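Written out below as structure tokens is the structure these notes cover.
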Amino acid sequence: MEVRRSARRRRTVTAYRDGDTLVVLIPAKMSRAEEEHWVAEMQRKLQRTENKRASPARASDEALLMRCAELSGRYLDGTAKPASVRWVPPMRTRWASCTPVDRTIRVSERLQTVPSWVLDYVLVHELAHLRVAQHNARFWALVRRYPKTERAIGYLEGLSAAEGLAMTGVEGAD
């Protein structure tokens with residue numbers, strides 16, 4: 001944890017994560033007792049936010065497969081049924097991949113820390129490949145049934161840029 005005091009900051013307290021470090025920004029004039037109170041409060045708030053963002057699909061390959069079944073039912077009429085879905089070590093150029101022939105989906109472990117709505121988008125994208133292999137208009141019509149598609153694409157593009165990666169298929173996962 002890192003506490004940063006600012007002479008310019010008058011009343012507000014802010015917190016964010018920088019990697020594994022919790023950074024708390026407080027006014028310079030704040031007492032040590034107030035600092036302790038606000039650090040604890042901001043830790044609680046950030047933890048609540050992170051818990052809300054976390055997807056249960058992160059727990060295991062089985063949980064990932066169950067999440068795919070939910071998403072297929074909700075956005076793809078239950079017709080996209082993978083034989084297996086599993087977490088794999090980070091891929092160099094993809095967020096995830098799908099092999100329609102054997103109905104397998106592989107998801108980069110890099111996505112274990114993204115918000116659940118981004119992971120859901122990547123899963124819907126790969127599930128859509130079980131119905132349409134190419135990135136054609138029919139495929140995108142299926143993917144765009146997921147309401148946060150554009151937002152998730154933007155998130156992944158930003159993540160790619162921040163990590164200095166040249167991810168192919170930033171519009172999705174392949």
Side-chain angles (χ1 to χ4, degrees), residues 14-23 45-174:
T14 306
Y16 63 92
R17 286 223 189 271
D18 184 8
D20 289 335
T21 304
L22 172 65
V23 179
K45 283 185 176 186
L46 203 55
Q47 188 63 50
R48 275 196 311 266
T49 300
E50 289 170 349
N51 288 343
K52 286 180 184 176
R53 295 174 88 189
S55 168
R58 299 176 209 292
S60 66
D61 293 349
E62 184 178 298
L64 202 55
L65 182 62
M66 288 177 16
R67 184 63 182 157
C68 281
E70 288 176 41
L71 293 168
S72 176
R74 188 176 305 160
Y75 301 110
L76 302 171
D77 308 318
T79 59
K81 297 178 181 174
S84 72
V85 184
R86 62 189 171 96
W87 291 106
V88 297
M91 298 181 230
R92 289 182 336 171
T93 60
R94 298 172 187 236
W95 294 114
S97 64
C98 175
T99 306
V101 174
D102 63 6
R103 308 187 70 71
T104 60
I105 294 174
R106 289 153 309 284
V107 182
S108 173
E109 290 173 346
R110 236 185 226 114
L111 294 175
Q112 288 182 320
T113 59
V114 301
S116 57
W117 54 270
V118 175
L119 177 59
D120 284 351
Y121 160 73
V122 172
L123 295 174
V124 168
H125 182 107
E126 297 308 326
L127 288 167
H129 278 306
L130 295 177
R131 296 209 15 214
V132 180
Q134 305 82 17
H135 286 111
N136 58 24
R138 216 171 109 232
F139 168 83
W140 284 109
L142 290 172
V143 172
R144 287 197 169 88
R145 290 180 181 181
Y146 180 67
K148 295 183 179 177
T149 291
E150 297 305 320
R151 186 174 168 199
I153 289 170
Y155 185 98
L156 292 171
E157 287 173 343
L159 187 57
S160 293
E163 292 181 358
L165 300 172
M167 302 298 269
T168 59
V170 153
E171 70 278 353
D174 346 288

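Not measured: the values here are computed from a predicted model.
Here the shortest heavy-atom pairing between Ser97 and Glu126 reads C-OE1, 3.4 Å. Here the closest heavy-atom approach between residue Trp87 and residue Ser108 is recorded as CZ3-O, 3.4 Å. When all heavy atoms are compared, the tightest approach of Ala80 to Leu130 is C-CD1, 4.2 Å. Between Cys68 and Val85, the shortest heavy-atom distance links the atoms SG-CG2, 3.8 Å. Of all the heavy atoms in Pro147 and Tyr75, the pair that sits closest is CD-CE2, 3.4 Å.
Within the 4.5 Å cutoff, no side-chain heavy atoms of Trp140 are placed close to those of Val132. The shortest distance between side-chain heavy atoms of Leu71 and Leu76 does not fall below 4.5 Å.
Between the CZ atom in Arg86 and the OG atom in Ser60 there is a gap of 14.0 Å [rounded to 0.5 Å]. One distance of note links CD of Glu70 with CG of Leu65; it measures 11.0 Å at 0.5 Å rounding. With rounding to the nearest 0.5 Å, the separation of CG in Leu123 from OG in Ser72 is 11.0 Å. Distance check, rounded to the nearest 0.5 Å: NZ of Lys45 to OG1 of Thr14 gives 10.0 Å.
The aromatic rings of His129 and His135 sit perpendicular to each other, their planes meeting at more than 60°, with 30° as the lower class boundary.
Counting only distance, with no hydrogens or angles, the side chain of Arg103 and the backbone of Lys81 share a donor-acceptor pair below 3.5 Å. At least one donor-acceptor pair under 3.5 Å links the side chain of Thr149 to the backbone N or O of Val143. Side-chain atoms of Thr104 never come within 3.5 Å of backbone atoms of Ser84 as a donor-acceptor pair (strictly under, hydrogens ignored). A donor-acceptor pair under 3.5 Å is formed between the side chain of Arg110 and the backbone N or O of Met91. Distance alone, capped at 3.5 Å, is enough to place a donor-acceptor pair between the Ser160 side chain and the Leu156 backbone.
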Check the pair Thr99, Arg106 against side chain to side chain contact (heavy atoms under 4.5 Å, CB included), reporting the backbone distance first and the verdict last.
-> CA-CA 9 Å; Thr99 306; Arg106 289 153 309 284; 2.8 Å; yes
Verdict with reasoning, Ile105 to Leu64, per side chain to side chain contact (heavy atoms under 4.5 Å, CB included) = CA-CA 10 Å; Ile105 294 174; Leu64 202 55; over 6 Å; no
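Atom CD of Glu109 sits in a crowded spot, with more than 12 heavy atoms from other residues, nucleotides or ligands closer than 6.0 Å.
The salt bridge (charged side-chain N to carboxylate O under 4.0 Å, His left out) contacts involving residues 131-145 comprise Asp77-Arg145, Arg144-Glu150, where partners must be two or more places apart or lie in separate chains.
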